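Read the structure below first, then the notes.
Just so you know, ligand 1 is whichever comes first in the structure, and atom 1 is the first atom listed for that ligand. Because the structure is predicted, anything quoted here is derived from the model rather than measured. Sequential numbering from 1 along the given sequence is applied to the chain's residues.
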Amino acid sequence: MILIKNEREIAKMKESNHIVAVLLRDLKGLIKPGVSTQELDEFADDFIRSRGAKAAFKGYQIKGLPPFPSAICASVNSCIVHGIPGRAIILQEGDIIGIDVGVNKDGYYGDAAMTYGVGNISREASELLQITETALARGIAQAREGARIGDISHAIGNYVERKGYYVADSLTGHGIGRSLHEEPMVPNKGVPERGPRLHKGMTLAIEPMVNIGTNRVKESGWEFYVADGSLSAHFEHTILVTEKEPQILTKV
Ligand code: MG
């Protein structure tokens, strides 16, 4: 069932998503060569706690894996999503790093991701970031009262493929609210005018994950990698469907 949020719930979601947005902005300022992804995680953990919220990913459980150990996902270069931060993972000039943040404040979740360059990055890498961020914007633009999930999926997938890139297999966006992952799934590829219909008061996390070389993924525990080792980028916003323009809740 797709849940519609009332005014009070929307106000709560705005709070948790605002924490996510400010944190992602602040993390951007810390990203430079020589910094470990563990340091970014510690900063995030402290920040989330200082806002009276909980890190939503920490301790997250899925069957067959140990609980996710960290506050953020830090996915470097060919890591698509769910990268586990570590003291030995030191950012190098030219890397790209996707940071995904989830928080729970007063029972409501916020979720967003950005991919940042470390120092100077190649033209290839910066084009990938730009395409992925634009794909997200195009998907969000479809999220209006009366449209369907397939309209969002198609806007993302069609744009990415026309540009000669690939959306990562099997990874999708999702509804969000009192749970981190709610119905509906929001695939990054699809057919217009298909899938569940959107109504005002729905809250969705839309999140294209775009690869340079192939759509195929390789799993290693929690972490998803591009099968051919090429670069991957990830941008995500939580949005509120309204009668007019969608509202991005994870924008500062
Ligand atoms: Mg998400």
Side-chain angles (χ1 to χ4, degrees), residues 2-3 5 12-24 27 41 44 48 53-62 65 67-75 79-85 97-105 107-116 132-133 135-140 142-143 149 152-153 156-157 160 167-190 195-196 198 202-211 217 219 222-224 232-241 246-251:
I2 304 177
L3 300 169
K5 278 77 181 180
K12 292 281 186 201
M13 297 233 14
K14 283 183 176 168
E15 261 184 71
S16 51
N17 280 288
H18 182 71
I19 295 169
V20 171
V22 174
L23 174 53
L24 279 168
L27 282 167
D41 188 57
I48 293 167
K54 275 185 265 179
F57 301 158
K58 201 171 211 171
Y60 192 86
Q61 295 205 308
I62 57 174
L65 289 175
F68 193 80
S70 311
I72 62 170
C73 301
S75 307
C79 186
I80 304 167
V81 284
H82 306 166
I84 296 175
I97 174 170
I99 299 185
D100 198 341
V101 173
V103 311
N104 177 340
K105 173 104 201 289
Y108 288 85
Y109 284 88
D111 188 7
M114 299 282 233
T115 302
Y116 299 120
T132 311
E133 197 167 12
L136 173 58
R138 286 180 173 234
I140 291 172
Q142 298 296 319
I149 290 292
I152 299 173
S153 305
I156 293 170
V160 167
V167 298
D169 280 346
S170 77
L171 293 159
T172 74
H174 50 93
I176 177 167
R178 289 187 72 90
S179 302
L180 181 59
H181 299 112
E182 291 183 350
E183 285 183 55
M185 283 197 342
V186 186
N188 292 312
K189 222 178 186 179
L198 302 178
M202 288 181 181
T203 42
L204 304 173
I206 303 176
E207 49 178 322
M209 288 148 268
V210 177
N211 306 338
V217 307
E219 282 178 65
W222 276 101
E223 299 175 327
F224 283 77
S232 182
H234 178 210
F235 285 84
E236 174 180 28
H237 276 305
T238 293
I239 62 106
L240 169 68
V241 178
Q247 259 186 60
I248 300 176
L249 304 184
T250 40
K251 216 169 200 171

Tell me which N, O or S atom from E207 is the closest to the Mg ion (ligand 1).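 This turns out to be OE2.
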
Ring centre gap for H174 and Y109 strictly below 6.0 Å: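 No.
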
Looking at V217, N211, V81, which one forms a side-chain contact (heavy atoms from CB on, under 4.5 Å) with S232? N211

Can you name the nearest heavy-atom pair linking S16 to G110, along with the distance?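 That closest heavy-atom pairing would be OG-N, 3.7 Å.
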
Is a salt bridge present between R138 and E133, judged by a nitrogen-to-oxygen distance below 4.0 Å?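 Answer for the salt bridge query: no.
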
What angle, to the nearest 10°, do the atoms OD2 (D111) and OE2 (E236) form about the Mg ion (ligand 1)? 80°

So that I can check it, does any N, O or S atom in H174 come closer than 2.8 Å to the Mg ion (ligand 1)? yes

